[in-house]
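Predicted model only: the values in this text are computed from it and were never measured. Proteins come first, then strands; the chains are lettered A, B, ... in the order of their sequence lines, and each starts at number 1.
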Amino acid sequence: MSVIPKSYYQSTDVVALSKDLLGKYLISNVDGNYTSGIIVETEAYRAPDDKACHAYANKRTPRTETMFAIGGTCYVYICYGIHNLFNIVTAPEGMAHAILVRAIEPIEGLDIMKDRRMMSMTKKESCNGPGKFTRCMDITKKQNGIDLSSKKSALWIEDRGLRIPKTNIISGPRVGMSTAEECSHWPWRFRIKNNKWTSKPDVVNYHK
DNA sequence: CACGGGATCGTCT
DNA sequence: GACGATCCCGTGT
């Protein structure tokens with residue numbers, strides 16, 4: 001039940017951290033409603049060279065400013081006007097790296113999550129998307145910029161000893177990127193092999 | 001199961 | 001004023 005310390009997030013290898021975060025527990029304690037889940041799918045974003053990253057070319061705007069914060073900071077933004085997407089900022093302050101959490105396996109507080117989602121948590125469709133589990137855990141822009149390495153926060157991450165062997169980690173291209181062109185092919189999307197709580201596996205196919 | 005379109009609004013040009 | 005690091009539902013097979 002140990003909270004992952006801020007030092008963990010200072011690595012400049014955001015790809016390695018994206019893999020290492022698989023199997024860690026994301027805890028939400030918003031307004032006293034405790035829910036948790038295991039991170040089963042992640043995606044890496046890395047400024048300045050990654051065109052798919054909001055902070056591509058180290059572009060600073062009111063929105064991207066959070067990405068430049070110290071590793072261990074929470075970055076939440078709204079996508080398509082509806083969905084709150086949850087990211088973990090990594091690397092030292094000034095370096096805009098982040099990891100998008102794309103899916104979790106719901107573990108605790110299933111009744112609370114069910115009410116928020118209006119869907120049974122035994123269904124694999126309940127949390128297998130970045131806009132889905134945030135709804136279950138009430139993650140919103142209110143949490144943008146908070147510290148993920150403290151249990152005093154509304155959100156934090158724990159290492160409960162679960163270990164995912166490297167042979168059980170699948171990598172693939174990132175999704176949902178029409179303008180980032182070649183960067184979308186970078187295999188920076190990671191998920192736990194044979195885990196029913198990940199989003200539908202994409203077939204890697206560069207031939208059509 | 002694949003595909004297509006609508007929802008909906010913050011963000012940046 | 002256009003565009004999303006998405007989701008859901010309808011239609012057709």
Q | Any side-chain heavy-atom pair of A:Phe68 and A:Asn58 under 4.5 Å | A |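 Answer yes - side chains close enough.
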Q: Just name whichever nucleotide pairs with B:dC9, Watson-Crick or G-U, keeping both distances under 3.5 Å, else none.
A: C:dG4
Can you figure out which of [options] approaches the side chain of [X] most closely?
X        : options              : answer
A:His83  : C:dT6, C:dA5, C:dC8  : C:dT6
A:Tyr75  : C:dA5, C:dT6, C:dC8  : C:dA5
A:Ile82  : C:dA5, B:dT8, C:dC7  : B:dT8
A:Pro130 : C:dC7, B:dG10, C:dA5 : C:dC7
A:Lys132 : C:dC7, B:dT13, C:dA5 : C:dC7

Q: By nearest nucleotide on DNA chain B, pick out whichever of A:Tyr80 and A:Arg60 is the more 5' one.
A: A:Tyr80
Q.
Tell me whether the side-chain N/O atoms of A:Arg63 come closer than 4.0 Å to OP1 or OP2 in C:dC3.
A.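 No, A:Arg63 has no side-chain N/O under 4.0 Å of OP1/OP2 on C:dC3.
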(Q) I need the A:Leu85 CG to A:Ile78 CD1 distance, nearest 0.5 Å. (A) 10.0 Å
Could you give the [atom1]-to-[atom2] distance, from [X] to [N], as a whole number of Å?
X        : N      : atom1 : atom2 : value
A:Ile78  : C:dC3  : CD1   : P     : 20 Å
A:Lys141 : B:dT8  : NZ    : P     : 19 Å
A:Tyr45  : C:dG4  : OH    : C1'   : 12 Å
A:Met119 : C:dC9  : CE    : C1'   : 12 Å
A:Trp186 : C:dA5  : CH2   : C1'   : 14 Å
A:His54  : B:dT13 : NE2   : C1'   : 16 Å
A:Asn84  : B:dC9  : CG    : P     : 12 Å
A:Arg174 : C:dA5  : CZ    : P     : 11 Å

Q.
Within the 3.5 Å criterion, strictly below it, is a donor on A:Asn84 or A:Thr134 matched to an acceptor on the partner's side chain?
A. no
Q. Do A:Tyr8 and A:Asp159 have side-chain N/O donor and acceptor atoms under 3.5 Å apart?
A. no
(Q) Name the residue from A:Arg189, A:Arg191, A:Lys132 that meets the salt bridge (Lys or Arg N to Asp or Glu O under 4.0 Å) definition with A:Glu41. (A) A:Arg189
Q) Across the strands shown, which category fits A:Arg135 at heavy-atom distances under 4.0 angstrom: base, sugar-phosphate, nothing? A)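 Nothing, no nucleic acid heavy atom in range.
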Q.
So A:Leu85, base contact, sugar-phosphate only, or nothing? Heavy-atom distance under 4.0 Å.
A.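 Contact class for A:Leu85: sugar-phosphate only.
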